[in-house]
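In what follows, every chain begins at residue 1, and chains take the letters A, B, ... in the order their sequences are listed.
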Amino acid sequence: MTHDDQPPGPQRRVFLQQLCATAAGAVLGTVPFGAGLTVFFDPLRRPAAAGRAVRVASLDALPADGVPRRFPVVEARVDAWNRIPAVPVGAVYLRRRAGNQVEALSAICPHAGCMVNFVPALGRFQCPCHNSVFTTEGRIADPASPAPRGLDALEVSLRADNEIYVNYQRFAAGVAEKIPLA
Amino acid sequence: MSAVLDWLDQRTGLRQITRAALFENIPGGARWRYVWGSTVVFALGVQFLTGVFLWMGYSPSAQTAWESVFYLQEQTTGGWLLRGLHHYTAQVLPVLLVLHLLQVVVDGAYKAPREVNFWFGVVLAHLVLALSLTGYLLPWDQTGFWATRVSTNITGVVPVLGPAIQKLLVGGPDYGHLTLTRFFALHAGVLPATLVVLTVGHIYLFRRHGITAKEPRRRPDAAFWPDQVLRDAVACLAVLGAVLFLIVRHRLFSGHGPLGAELGAPANPAEPFDAARPEWYFLFLFQFLKLFPSGGEIWGAVIIPGLVIGVVFLMPLLGRWRLGHRFNVALAGALVAAAALLTYLAWDGDRRNPDYQRAVAAAERDAARVKTLALSPARIPVGGALELLRSDPLTQGPKLFADQCAACHRYAGTDGLGRRPAPAQAASDLQGFGSREWLALLLAPQGVASTNRFGATKLRGGKMVKFVTEKVAHYSPERMAALRKVIAAVSAEAQLKSQATADRRDAALIEEGRRLLRDETGCTDCHQFRQKDEDATAPDLTGYGSREWLIRFISDPAAPEFYGERNDRMPSFGRQQILTEQQIGLIADWLRGDWYEPAP
């Protein structure tokens with residue numbers, strides 16, 4: 001009979017028991033908690049829908065004086081399990097320039113994401129939340145504005161001479177660069 | 001590290017708490033029979049943890065409850081596992097509770113001074129059952145919905161306060177948003193909070209009195225940690241293993257079975273659901289209720305179960321006497337045996353009941369179909385997934401056919417749902433209506449007067465039957481070939497999905513068929529085809545079998561362009577407002593085999 005065949009000493013047995021109990025406890029906790037965390041982190045695995053050109057307005061609806069006007073962006077929206085074929089998903093400011101050129105600005109303030117208003121009396125965009133002020137072109141008008149960049153310009157195209165299509169996108173708030181959300 | 005612990009210990013007494021928790025004395029050493037309480041605590045812990053994560057994805061309203069559970073289950077990574085853990089742990093819990101209770105009764109662990117703790121336990125068990133009842137409804141699928149209707153209706157039979165309690169539970173006279181918000185608040189708020197408080201009390205009292213050692217003591221005393229903890233942990237692992245097995249069992253055995261908990265079709269209050277059953281651990285009550293005649297439900301649902309629970313409550317007092325303890329053990333055993341027997345009877349009755357089996361199969365078909373539709377590019381409309389089913393020809397067509405058409409017509413020899421109706425077939429079999437095969441039988445001498453075409457109608461003596469039996473029967477091979485072209489031409493009018501390829505391939509032949517139809521076969525003597533004919537006396541062949549033609553036909557077969565006054569018994573489903581236009585459209589689409597199929 002060799003030494004190895006001896007029953008383990010009480011110390012070693014207790015240690016083994018402690019080890020096994022701890023390991024079992026770890027498994028018992030990890031399985032439900034892990035399943036929960038997997039589900040919790042699911043949104044990180046979902047990319048934002050890519051921007052797509054949508055018809056926003058007709059050129060006729062845009063005043064010729066270069067004053068920006070706000071239009072809703074109506075698009076199909078997927079909200080988790082639902083799909084809504086056409087629903088307002090946001091708003092853009094459109095402005096007509098000389099020679100039927102159209103400019104589109106996102107109505108979302110790049111500072112913290114509030115929706116800006118165009119104030120005709122001032123000829124400026126104003127954010128109702130933290131008082132950022134932007135020119136009609138979307139540049140920061142007042143250096144005291146907390147916004148890190150001007151209003152985000154969006155790609156515009158004119159189809160059939162009259163239909164204004166905008167590539168509606170959202171960008172990261174609070175940073176100086178214009179980073180599309182994806 | 002130890003300095004930090006010292007700091008914390010001085011302010012919280014952490015070390016003493018840990019010591020008290022871990023080094024509880026186990027008289028007679030650790031034993032397997034003590035594990036049941038710990039497994040219940042573990043199972044409850046799993047329910048809390050998974051429940052909180054499920055909460056993050058659940059939306060309690062009649063139009064979003066099923067939908068959010070579906071999204072979690074089918075479209076969220078790990079959702080099937082999370083929901084499976086919650087669902088099947090709930091299935092295992094009642095078993096663990098019964099084992100825990102049996103061990104306590106058999107070992108006499110309820111005797112003085114542990115009476116109060118026993119009562120805590122009985123109340124806790126009822127809280128767990130209340131959690132099961134409320135949780136069963138939350139997915140808002142057919143099974144949960146109908147089972148909950150039964151259980152809340154039983155509340156309604158309680159004298160005096162019953163109807164008020166029922167209305168308060170349901171949130172109104174009818175089941176809807178408020179039923180879900182109330183059940184959810186109970187399931188995720190009120191009941192778990194009460195459960196935590198009582199569980200803390202239960203464990204505190206258990207620790208206060210210590211474990212009831214099973215005599216004779218086989219070994220010297222030991223500490224809770226690690227001896228008993230290891231046994232407890234192994235038992236909990238076995239519970240977890242069983243739950244995981246239940247989650248994956250279908251996949252294990254079939255390779256493509258569903259993973260995780262079931263999700264039936266969305267709750268539909270407007271349609272009978274013949275597969276309604278409570279959760280399996282309530283089946284014994286369901287079976288017990290069958291023993292009571294109308295008006296006596298209160299005995300089966302309230303009075304007798306109430307008395308039994310009352311006796312269980314009295315067990316610690318009865319247990320003071322030796323005979324009382326024996327009575328308690330016998331009663332506990334008898335109750336478990338009776339519940340097992342009733343459960344078996346319920347299960348066996350269902351197994352032998354072909355109607356129930358068919359209902360289950362139909363429910364599974366609906367559930368699978370609505371999931372296919374919900375995964376289609378159109379996704380789920382804001383009105384909820386039930387709208388998908390309601391506007392789906394594949395599921396609604398056969399139901400409408402069975403209700404409205406199968407008194408006379410057949411579909412593949414059945415009522416559309418696979419049943420063979422009792423009344424004799426009195427009109428044509430409509431499977432493949434408008435297809436070349438269907439028309440070929442209509443134009444075959446041995447087919448036209450068969451029951452599957454005109455044989456059982458008054459048109460049996462009509463011109464069409466005469467034409468086929470007297471003329472077509474003597475056609476030369478060349479004329480038969482011409483007839484086949486005509487059949488292809490008429491069939492092409494239907495624009496059936498199943499024949500799209502053949503119709504494209506045979507375009508020239510079909511064109512030739514149209515010419516023959518107009519000029520040579522004599523069809524247009526009675527039928528009109530692609531041009532107005534005031535003298536036509538038989539159904540219009542323009543667009544024959546197409547969606548639009550079928551809708552017009554079903555709406556009013558007695559219209560001049562169809563059978564006119566020669567119409568036999570067929571009702572004008574649209575004109576007489578027996579069916580809505582949408583319902584007629586569903587029947588037409590189903591007969592034409594036109595419904596959404598996912599791309600392969």
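Contact annotation for B/L240: only side-chain heavy atoms (C-beta onward) come within less than 4.5 Å of a heavy atom of chain A. With a 4.5 angstrom heavy-atom cutoff, B/T76 touches chain A via backbone and side-chain atoms both. Proximity to chain A (any heavy atom under 4.5 Å) is restricted, for B/F42, to the side chain, taken from C-beta onward.
Counting heavy-atom pairs closer than 4.5 Å to chain A, the top residue among B/G79, B/G57, B/C236, B/G84 is B/C236. Highest contact tally toward chain A, considering only B/L244, B/V239, B/D227, B/T89, is held by B/D227 [criterion: heavy-atom pairs under 4.5 Å]. When the candidates A/A21, A/C20, A/G25, A/A80 are compared by the number of heavy-atom contacts under 4.5 Å with chain B, A/A80 comes out ahead.
Other residues, nucleotides and ligands contribute at most 12 non-hydrogen atoms within 6.0 Å of the CZ atom of A/F40. Counting heavy-atom neighbours within 6.0 Å of B/R218 CZ, excluding the residue itself, gives a total of 12 or less. Taking a 6.0 Å sphere around CZ of B/R251, one finds it holds more than 12 heavy atoms contributed by other residues, nucleotides or ligands. Within 6.0 Å of CG in A/D65 there are more than 12 heavy atoms belonging to other residues, nucleotides or ligands. Remark: B/W32 CH2 is packed, more than 12 non-hydrogen atoms of other residues, nucleotides or ligands lying under 6.0 Å away. No more than 12 heavy atoms of other residues, nucleotides or ligands shown are found within 6.0 angstrom of CZ on A/F15. Applying the 6.0 Å contact sphere to CD of A/E103 captures more than 12 heavy atoms from other residues, nucleotides or ligands. The number of heavy atoms from other shown groups lying within 6.0 Å of CD (A/E155) does not exceed 12.
Shown here for B/L49 and A/G29, the closest heavy-atom pair between the two residues is CD2-O, 4.4 Å. Closest heavy-atom contact between A/N82 and B/I380: ND2-O, 3.0 Å. Considering all non-hydrogen atoms of both residues, B/L72 and A/V39 come closest at CD1-CG1, 3.7 Å. Nearest heavy atom pair, residue A/P32 against residue B/L85, reads CA-CD1, 3.7 Å. Across all their heavy atoms, B/R379 and A/W81 have their closest contact at CB-O, 3.9 Å. Taking both residues in full, the closest heavy atoms of B/A378 and A/R83 are given as O-CB, 3.4 Å, listed atom of the first, atom of the second, then distance.
One distance of note links OG1 of A/T38 with CZ of B/F53; it measures 9.0 Å at 0.5 Å rounding. A distance of 10.5 Å separates CG of A/L44 from OG1 of B/T77, quoted to the nearest 0.5 Å.
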* Asked: Could you walk me through whether B/W225 and A/Q18 pass the side-chain contact (heavy atoms from CB on, under 4.5 Å) check?
  -> CA-CA 8 Å; B/W225 169 262; A/Q18 289 177 339; 3.2 Å; yes

